[in-house]
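In what follows, chains are A, B, ... by sequence order, proteins preceding strands, each numbered from 1.
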2 protein chains.
Amino acid sequence: MRDLTVVLTDDAALFREALAGVLGRAGFRIRAQLGDAAAARAAIAEHRPDLAVFDIRLPPTHTLEGLVAAAEIRESHPDTGVLVLSQHLETRLLRMLVRSSSRGVGYLLKERVTGIQDFVDAARRVATGGCAFDPEVVRALTRGDPLGRLSEREHEILSLIAQGRSNMAICEQLRLTKKTVESHVRSILLRLDLHPQPDDHRRVLAVLEYLRPWSEEAYRLALPPPRT
Amino acid sequence: MRDLTVVLTDDAALFREALAGVLGRAGFRIRAQLGDAAAARAAIAEHRPDLAVFDIRLPPTHTLEGLVAAAEIRESHPDTGVLVLSQHLETRLLRMLVRSSSRGVGYLLKERVTGIQDFVDAARRVATGGCAFDPEVVRALTRGDPLGRLSEREHEILSLIAQGRSNMAICEQLRLTKKTVESHVRSILLRLDLHPQPDDHRRVLAVLEYLRPWSEEAYRLALPPPRT
DNA sequence: CTGGTGTTCAGGGCTGGCCCTGATGACGGC
DNA sequence: GCCGTCATCAGGGCCAGCCCTGAACACCAG
């Protein structure tokens with residue numbers, strides 16, 4: 001079996017070198033190591049590697065550039081597997097990465113990669129057209145849309161919560177009692193699987209859940225259309 | 001003075017017809033009325049109007065399409081003024097609309113347009129290369145970045161708040177006492193001008209303030225680069 | 001008819017979060 | 001030295017929001 005080729009993109013040079021070392025010793029040929037998305041695009045176009053590894057957050061903004069680049073590479077170079085490394089699970093954005101296919105794509109959470117061998121196995125799978133997702137990622141992908149579990153009324157109230165309205169403002173606006181709003185809030189939190197945890201501020205988490213579709217939509221506009 | 005030409009885009013046909021009536025009676029020539037952004041782009045390319053009026057939220061997604069289209073038109077048709085109508089003030093997204101220039105652009109809040117004559121005046125100014133911004137919009141544009149008023153520590157704590165962390169989780173993570181975190185939270189809220197109001201849930205509002213740059217960045221990626 | 005879902009509301013209890021005041025120490029600028 | 005800013009922390013108080021239980025009614029499907 002021939003050596004698989006890889007291009008690595010991560011602005012953290014130390015981490016990038018470490019990955020290069022790991023993959024190199026595992027038999028991959030490192031074709032390039034880049035620190036930003038634009039350079040990665042050029043290198044991938046030049047080398048046409050079996051695998052492109054991206055940190056999700058790249059310069060200049062450290063927000064979305066890695067994911068944008070990864071999704072674009074998936075479209076423009078269908079023979080290049082794309083492996084994304086992330087600190088956090090960005091479920092809805094992840095869905096956009098796999099919207100056309102889950103072949104040749106991987107999404108791993110940096111802190112949950114349990115060993116070098118796991119990482120190498122994942123890289124090899126993705127490079128050869130398979131997929132590799134962190135189990136948390138798989139669970140999130142197979143789950144339905146949490147917001148879809150809300151009733152119409154609950155959705156309406158969550159939208160007001162997400163505007164930073166107090167319960168009192170909400171009950172006045174919707175002509176309900178304080179108790180009714182509280183009941184709905186409680187139901188919303190449970191429907192969204194936001195159970196009491198000492199570390200969580202659940203109202204904020206519910207807001208974040210509500211805002212995600214919007215973020216995804218903004219992001220969708222950043223991408224080329226999927227091939228049919 | 002020749003009649004100014006205009007293309008209107010708003011998926012609410014009734015509102016669109018009403019605007020057409022108003023502008024028509026004010027001497028504008030209505031070149032086209034469209035319901036979505038793609039149709040608007042084609043019509044503007046065909047008619048090259050003096051003014052393009054957009055509702056900010058257009059189909060198919062009713063999220064950003066109007067603003068995307070408006071910003072693109074600004075780039076591709078520099079002689080066409082762009083007037084955006086919105087329900088809410090989206091400050092940071094607005095900034096992207098005026099990033100290259102504030103000539104030939106307007107942003108009005110639908111609920112704050114105080115009369116037909118005001119609207120017509122604004123349309124005329126924008127169509128002839130001027131600008132028209134709701135006073136609230138002007139105030140927001142001239143104000144600095146609220147997040148820039150935070151100290152490094154405050155910014156760090158706000159980022160944790162925005163992840164939906166409880167105060168207890170934050171104090172444990174940063175090895176501070178509960179009291180210290182509370183002090184920082186209080187300072188953050190005041191720095192962000194989030195004073196106690198019975199209608200507000202201020203912690204959520206602080207989170208929304210924090211998340212705005214990210215939204216803007218996602219949106220920036222959706223736009224063509226500004227001409228230099 | 002039964003069961004499930006959605007909507008509304010109540011009583012009662014608890015606490016995380018916020019408020020205010022005050023203090024200390026470090027640092028930098030004038 | 002003085003002042004302002006930042007960071008840390010304390011004491012004490014209050015309450016919006018959440019929790020739990022329970023109830024009633026409407027509607028729909030089986």
Between atom CG in A:L205 and atom C1' in D:dC18, what is the gap in whole Å? 15 Å

Measure from CZ on B:R186 to C1' on D:dC9 and round the result to the nearest Å. 15 Å

Provide, to the nearest angstrom, the distance between the CG atom belonging to A:D200 and the C1' atom belonging to C:dT15. 16 Å

Is the shortest distance from a Lys or Arg side-chain nitrogen in A:R16 or A:D55 to a carboxylate oxygen in the other one below 4.0 Å? no

Mark up nucleotides 2-12 of chain C, 5' to 3', with B wherever a protein heavy atom is under 4.0 angstrom from a base atom, S wherever such an atom reaches only the sugar-phosphate, and - elsewhere. ----SSSBBBB

In this structure, how many angstroms lie between the P atom of C:dC18 and the CG atom of B:L190, rounded? 11 Å

Specify the separation, in whole Å, of atom CG of B:N167 and atom C1' of C:dT15. 12 Å

Rounding to an integer number of Å, can you tell me how far A:L189 CG sits from D:dC20 P? 11 Å

Between B:L158 (CG) and D:dA7 (P), how many Å, whole number? 14 Å

Sequence neighbours excluded, every pair satisfying salt bridge (charged side-chain N to carboxylate O under 4.0 Å, His left out) that has a member inside residues 153-172 of chain B: B:R153-B:E156, B:E154-B:R191

Between A:E182 and A:R186, is there a side-chain N and carboxylate O pair less than 4.0 Å apart? no

Between B:L83 and B:F54, is the side-chain contact (heavy atoms from CB on, under 4.5 Å) condition met? List the steps. CA-CA 6 Å; B:L83 180 59; B:F54 287 92; over 6 Å; no

Can you run down the ring pair (Phe, Tyr, Trp, His ring centres under 6.0 Å) pairs that involve residues 170-202 of chain A, sequence neighbours left out, and say none if there aren't any? none

Cut-off 3.5 Å, side chains only: do A:T180 and A:S183 have a donor facing an acceptor? no

Figure out the CD1/P separation between A:I188 and D:dG17, and round it to whole Å. 13 Å

